[in-house]
Amino acid sequence: MKKIKSENKILIMLAFFSISMGLWENFRQLWLQNNNFAVTDISKVISIGTLMSVIGIALVGKYIKLEKLKKFVIYALCIKFINILLLLYLNNTGNYILINASIIVDISIGYLITTSIYPLITTIVKNNTIYNKRKLTEYLFRDIGILIGGALIGKNIIGILIDYNVCLCISAIFLIFSVIIMFNITDNNTQEEKKEQEISIIKYILKSKLQMVYIIFTLIGNISMCTGLGLKMLTFTNYLGFSDSGATNYLLMIGLLADGIGILAFKFLTPKNDYITITIKFGIRLMLYIIAFISNNIWITLIAITWSLLISTAYEGVCDGYYINSISSEYQLAYTNFRYIVKYLGESIGIFLCGLMYKMGLKYMFGLSSVFLIYQLFIAYYLIYLRKNEKSNLQKRTNT
């Protein structure tokens, strides 16, 4: 481990953590349903957990400095592990209050760890390549976690029936590996802010029209995504007729293909025209969502979901990378935290709306999602326009 670069150790830790998250999160909704939670109750507790992560990220951004980030991640990983042990104990106890509380802690801590990874890496290196590596590592190894769950669920191994609770136990094992690796990462002598920041991160963002619009894009985009796909496993098992293993394997297959498309898009398939890129990522999704809403056809809905998931990891550099990496280094942690606050706030709203639409019928989830997607698409086009103008103006100033 000593010869491995620190940024690569962080990515290895992220890999184990993502396996743990993918394995457990894939079955968490079904675990709750198995503990007699109604769908609306599941959407509410997930929404609240996501909302609590927003508060947690705000506190981390205010009180945790870059030089303390490694210790914070270790503590958070340990808390998540202890909480998983509590959930294992609470399974089928009927203790709804403690289960709700523990699920909220599980979701919020998971998000806090996820949001801390890239700022931790930027204490070592910051560029578009490492940003894409970080994203692709998370996506790929989450899918490996789903693969493990899909391969084991329902099987009887050495006399043990692999159910949702056993998958949660396996998730805890992978989490331990991530803790061990974190302890083996050498502290970096990161230069903390040389002086107190003269303006808050909100004022910093407000000074840039490009960043203001990007933050709105992030909020609307996550509301849209989670309104349609916030309850994937329940949608697949209860509406589309998949078994839990069938839904897992299908989502795994789509996830792995999405990772491949993401890598290919990053290397070879990104059009030179960014407007075309955005149309491929969001425009086709919008068209399919609208058709799914109008037709109310299961197969078209499945195609719409599949396309949305397939394209989800592609073109991250065009959609996010430029705006994130344009932030000054001294504001990187605060900005990343704020961006994730907005992202998870959008997810919280989207999951809540998804639960409401779920009761009305499958098509309404995608109908409402498409409304937000229309706004997201136009904002994405406007961002490209602003970015090109900013580059053009910068080039003119450089030439003069």
Side-chain angles (χ1 to χ4, degrees), residues 25-26 28-30 33 39-40 42-47 49-51 107 139 142 146 216-242 247-248 250-255 257-258 261-262 278-316 319-320 342-380:
E25 286 186 348
N26 184 61
R28 184 165 57 204
Q29 295 172 14
L30 298 179
Q33 186 173 249
V39 172
T40 50
I42 294 171
S43 71
K44 284 177 184 176
V45 70
I46 295 175
S47 178
T50 308
L51 187 60
I107 293 170
Y139 294 146
R142 276 179 184 260
I146 295 172
I216 296 171
F217 168 80
T218 301
L219 177 66
I220 299 297
N222 282 281
I223 292 175
S224 172
M225 189 68 172
C226 290
T227 299
L229 299 175
L231 299 171
K232 286 197 298 288
M233 284 298 286
L234 293 174
T235 300
F236 270 84
T237 55
N238 296 342
Y239 264 123
L240 300 179
F242 283 71
T248 298
Y250 186 81
L251 289 171
L252 169 67
M253 178 184 69
I254 298 304
L257 286 172
I261 291 172
I278 293 299
T279 303
I280 292 171
K281 188 171 177 72
F282 299 117
I284 297 175
R285 180 192 298 176
L286 173 61
M287 179 186 69
L288 290 172
Y289 276 21
I290 292 173
I291 295 173
F293 172 70
I294 295 172
S295 68
N296 197 26
N297 181 279
I298 292 294
W299 289 106
I300 293 177
T301 300
L302 182 60
I303 292 171
I305 294 173
T306 301
W307 172 261
S308 186
L309 295 174
L310 277 175
I311 205 68
S312 60
T313 64
Y315 306 125
E316 294 280 353
C319 296
D320 297 300
V342 174
K343 177 180 184 292
Y344 294 142
L345 178 61
E347 287 188 12
S348 177
I349 295 169
I351 291 170
F352 178 75
L353 292 174
C354 185
L356 296 179
M357 296 301 104
Y358 187 99
K359 288 176 25 179
M360 296 174 62
L362 182 62
K363 74 172 190 174
Y364 293 102
M365 293 159 57
F366 297 96
L368 183 57
S369 178
S370 65
V371 173
F372 290 108
L373 193 50
I374 290 170
Y375 287 102
Q376 182 188 10
L377 187 59
F378 279 106
I379 294 170

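Every heavy atom of this structure was used, including side-chain atoms; hydrogens, water molecules and symmetry mates were not. Only a predicted model underlies this, so the values are computations on that prediction, with no experimental measurement involved.
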What residues, two or more places apart in sequence or in another chain, satisfy side chain to side chain donor-acceptor pair (under 3.5 Å) together with [X]?
X	value
Thr279	Tyr381
Thr50	none
Thr237	none
Glu347	Tyr111, Lys343

[X] versus [Y], closest heavy-atom pair with distance:
X	Y	answer
Leu286	Ser370	CD1-O, 3.5 Å
Met365	Thr235	CE-OG1, 3.5 Å
Phe217	Cys319	CE2-O, 4.0 Å
Ile298	Leu240	CG2-CD2, 3.7 Å
Thr301	Ala292	OG1-CB, 3.9 Å
Ala314	Lys281	O-NZ, 2.9 Å

To the closest 0.5 Å, what do you measure between [atom1] ([X]) and [atom2] ([Y])?
X	Y	atom1	atom2	result
Ser312	Arg285	OG	CZ	7.5 Å
Leu257	Leu252	CG	CG	9.5 Å
Leu309	Ile261	CG	CD1	10.5 Å
Gln29	Ile42	CD	CD1	7.0 Å
Ser308	Ile311	OG	CD1	9.5 Å
Leu310	Ile254	CG	CD1	4.5 Å

Listed by chain and number, what are the ring pair (Phe, Tyr, Trp, His ring centres under 6.0 Å) partners of [X], not counting sequence neighbours?
X	result
Tyr239	Tyr358
Tyr364	none
Tyr250	Phe236, Phe242

Residue pairs involving residues 289-315 (criterion ring-ring contact (aromatic ring centres under 6.0 Å, His included); sequence neighbours excluded):
Tyr289-Phe366

With a 3.5 Å distance limit and no angle check, can you tell me whether Thr306 reaches the backbone of Leu302 through a side-chain donor-acceptor pair?
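Side chain of Thr306 to backbone of Leu302, a donor-acceptor pair under 3.5 Å: yes, one is there.
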
Counterpart residues, side-chain contact (heavy atoms from CB on, under 4.5 Å), relative to Ile294 (two or more places apart):
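Scan of Ile294 (side-chain contact (heavy atoms from CB on, under 4.5 Å), adjacent residues dropped) gives Ile290.
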
Would you call Met287 and Ile291 a side-chain contact if the rule is heavy atoms closer than 4.5 Å?
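SC-SC contact between Met287 and Ile291 confirmed.
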
So do Val39 and Lys359 actually touch side chain to side chain, heavy atoms under 4.5 Å?
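Side-chain contact under 4.5 Å: no.
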
Going by atom type alone, with no hydrogens or angles, which donor-acceptor pairs under 3.5 Å involve a side-chain atom of residues 218-231 and a protein atom two or more places apart or on another chain?
residue	atom	partner	partner atom	Å
Thr218	OG1	Tyr214	O	3.0
Asn222	ND2	Thr218	O	2.7
Ser224	OG	Ser369	O	3.1
Ser224	OG	Ser369	OG	3.3
Thr227	OG1	Ile223	O	2.6

Partner set under salt bridge (Lys or Arg N to Asp or Glu O under 4.0 Å) for Arg28, not counting sequence neighbours:
Glu25, Asp106

